[in-house]
Amino acid sequence: MLDAKLTDLPDIRAPELTFEQLSAVLKGLRPLQRYSFCVEAQKDGDADKLLNGFLKLLKGNLSLEEVTCLYSASMLLLLVAETALDRPCNQRLELLNETFNYSDTLKPTMIHFATVEMLNSIKLATSSEEYCYVYLLEAITHILVASDTGKMISLGLLRAIIASMSDSSIILHIYRNLWEVWEMVQLISQDTILQEWSLRKTYILVKVFSILMATTAFNSCNQGLRQAGYRGFDLPPRATEFSDWFRALRDRLDEKHKELKCKEGLKLARFIDHNILAYLTETGNESTSEAGASTGATEME
């Protein structure tokens, strides 16, 4: 996979999330505002108090609304810039993992509710839709491997991003299958991408589809979700259409950014090579491990 850091791509990365942005989200999570430690930590700018308080909450009995709020809170706490925190990343990952393992919430209505709440919460952190999606993508790489619940919510979030970018309507925020997502992608004009979209927005589209594909069609670790009644974990018969569309986009990006002498654009073209086309041409008949599926499409970060 492409060995490039997102920090090498200034037109694509989002600003580091601040404690103030985290606090803005927490204020909108009313079930958590009932706890004094949460209110005090926001006033004091004390991330440690939040982390310890949330971990203690997980040891008790929580409502669905409280658990869902903790999904958003643990996600945002993970994303806050290191300079704003005393605790290392592994302790915040522990909170994220414990949160998404708190209970079995694989019922479709619960997955839908959690997905919608997380989408609404991230929008409280910034008014930029593109920044919201970059933050979500950064967190999703961890949420995917936390639990089956986390995986289904992540797939719902990824599907929702594609729906938004293609102006498609969604009633239930639940991943169905890769072909349904592909039909949304086809609604997006490549001319529009080349002429109107920022590099960041194009990157978001490519990365979302690559993670969806790697996590579902090229992942042998979805048995728990299959047993829960979910489907859509196989590569569709007409998947050559994926290759044709993304190869055409790759070629057009490559041509455009060679003329512009834009290194970021050329790296994005290579990202398509390594994270979509390579899967379809080299490993189309193989399954990857859980770790491979979760990280293979995220090397640009």
Side-chain angles (χ1 to χ4, degrees), residues 2 4-25 28 71-72 75-81 115-144 153-170 173 181 184-213 245-246 249-250 252-253 256-257 260 262-272 275-276 297-301:
L2 189 61
K5 300 295 183 182
L6 191 56
T7 50
D8 295 334
L9 302 165
D11 290 336
I12 292 177
R13 69 174 185 262
E16 290 188 321
L17 200 73
T18 65
F19 187 89
E20 288 72 21
Q21 287 173 291
L22 169 63
S23 182
V25 174
Y71 288 161
S72 296
M75 174 182 69
L76 271 295
L77 192 56
L78 177 69
L79 296 177
V80 170
T115 303
V116 170
E117 290 301 304
M118 290 182 71
L119 284 169
N120 290 337
S121 294
I122 194 71
K123 292 175 183 177
L124 297 176
T126 174
S127 59
S128 168
E129 184 176 70
E130 290 183 14
Y131 290 170
C132 282
Y133 294 158
V134 172
Y135 293 142
L136 278 176
L137 286 171
E138 184 176 346
I140 280 172
T141 60
H142 301 288
I143 299 171
L144 271 171
I153 292 172
S154 296
L155 293 176
L157 291 170
L158 293 167
R159 174 175 174 263
I161 294 173
I162 294 287
S164 175
M165 299 181 92
S166 62
D167 293 323
S168 301
S169 299
I170 285 181
H173 284 273
V181 177
M184 297 182 196
V185 172
Q186 291 185 94
L187 297 175
I188 304 171
S189 165
Q190 288 194 9
D191 289 339
T192 299
I193 294 174
L194 271 291
Q195 296 169 16
E196 301 178 15
W197 282 22
S198 66
L199 275 178
R200 184 188 300 109
K201 188 171 182 178
T202 308
Y203 163 77
I204 291 167
L205 170 67
V206 172
K207 186 172 182 183
V208 167
F209 193 81
S210 67
I211 295 177
L212 274 167
M213 190 173 64
W245 196 90
F246 280 102
L249 179 62
R250 185 274 315 272
R252 297 182 70 182
L253 284 169
K256 173 182 177 179
H257 293 291
L260 295 175
C262 174
K263 291 181 179 180
E264 290 84 2
L266 293 174
K267 287 179 180 179
L268 183 55
R270 300 290 79 78
F271 184 74
I272 296 174
N275 291 278
I276 293 183
T298 61
E299 292 289 336
M300 286 184 78
E301 296 201 340

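For reference, positions follow the sequence shown, starting with 1.
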Would you give the length of the straight line joining atom CD1 of Ile170 to atom CZ of Arg159, rounded to the nearest 0.5 angstrom?
4.0 Å

Residue pair Leu144 / Ile211, side-chain heavy-atom distance below 4.5 Å:
yes

Partners passing side chain to side chain contact (heavy atoms under 4.5 Å, CB included) against Thr192 (at least two apart in sequence or in another chain):
Ser189, Glu196, Trp197

Applying side chain to side chain donor-acceptor pair (under 3.5 Å) to Thr126 and not counting sequence neighbours gives none

Side chains of Ile162 and Leu205 in contact at under 4.5 Å (non-hydrogen atoms)
yes

Lys256 meets the side chain to side chain contact (heavy atoms under 4.5 Å, CB included) criterion, sequence neighbours left out, with Leu194, Leu260

From CG (Leu187) to CE (Met165), nearest 0.5 Å
13.0 Å

May I ask you to test the Asn275-Met213 pair for a side-chain heavy-atom distance under 4.5 Å?
no

Applying side chain to side chain contact (heavy atoms under 4.5 Å, CB included), name anything that partners Gln190, two or more places apart in sequence or on another chain.
Trp245, Ala248, Leu249, Arg252

Nearest heavy-atom pair of Glu16 and Ala81: which atoms, and what distance?
OE1-CB, 3.5 Å

Under a 4.5 Å cut-off applied to non-hydrogen side-chain atoms, are Met75 and Ile122 in contact?
yes

By side chain to side chain donor-acceptor pair (under 3.5 Å) - contacts of Ser168 (at least two apart):
Ser166

Of all heavy-atom pairs between Val208 and Leu158, which one has the smallest distance, and what is that distance?
CG1-O, 3.4 Å

Nearest 0.5 Å please: distance from the CD atom of Glu129 over to the CZ atom of Arg200.
12.0 Å

Sequence neighbours excluded, the answer for side chain to side chain donor-acceptor pair (under 3.5 Å) partners of Glu117 is none

Set of residues satisfying ring pair (Phe, Tyr, Trp, His ring centres under 6.0 Å) with respect to Tyr131, sequence neighbours excluded:
none

Taking Ser164 for the side chain and Ile161 for the main chain, is one N or O donor matched with an acceptor at less than 3.5 Å?
no

Would you mind reporting whether His257 and Leu199 have side-chain heavy atoms less than 4.5 Å apart?
yes

For the backbone of Lys207 and the side chain of Ser210, can you confirm whether one donor and one acceptor N or O come within less than 3.5 Å of each other?
yes

Any side-chain heavy-atom pair from Leu76 and Leu17 closer than 4.5 angstrom?
yes

What distance do Glu264 atom CD and Leu253 atom CG have between them, rounded to the nearest 0.5 Å?
13.0 Å

Sequence neighbours excluded, which residues qualify as side chain to side chain donor-acceptor pair (under 3.5 Å) partners of Asp167?
none

What residues form a ring pair (Phe, Tyr, Trp, His ring centres under 6.0 Å) with His142, not counting sequence neighbours?
none

Listed by chain and number, what are the side chain to side chain contact (heavy atoms under 4.5 Å, CB included) partners of Thr115, not counting sequence neighbours?
Ile111, Leu119, Ile153, Leu157, His173

At what distance, to the nearest 0.5 angstrom, does CZ of Phe19 lie from CG of Leu77?
8.0 Å

Just how far is it from atom CZ of Arg270 to atom CZ of Arg250, taken to the nearest 0.5 Å?
6.5 Å

Considering residues at least two apart in sequence or located in another chain, which fulfil the ring pair (Phe, Tyr, Trp, His ring centres under 6.0 Å) criterion with Tyr135?
none

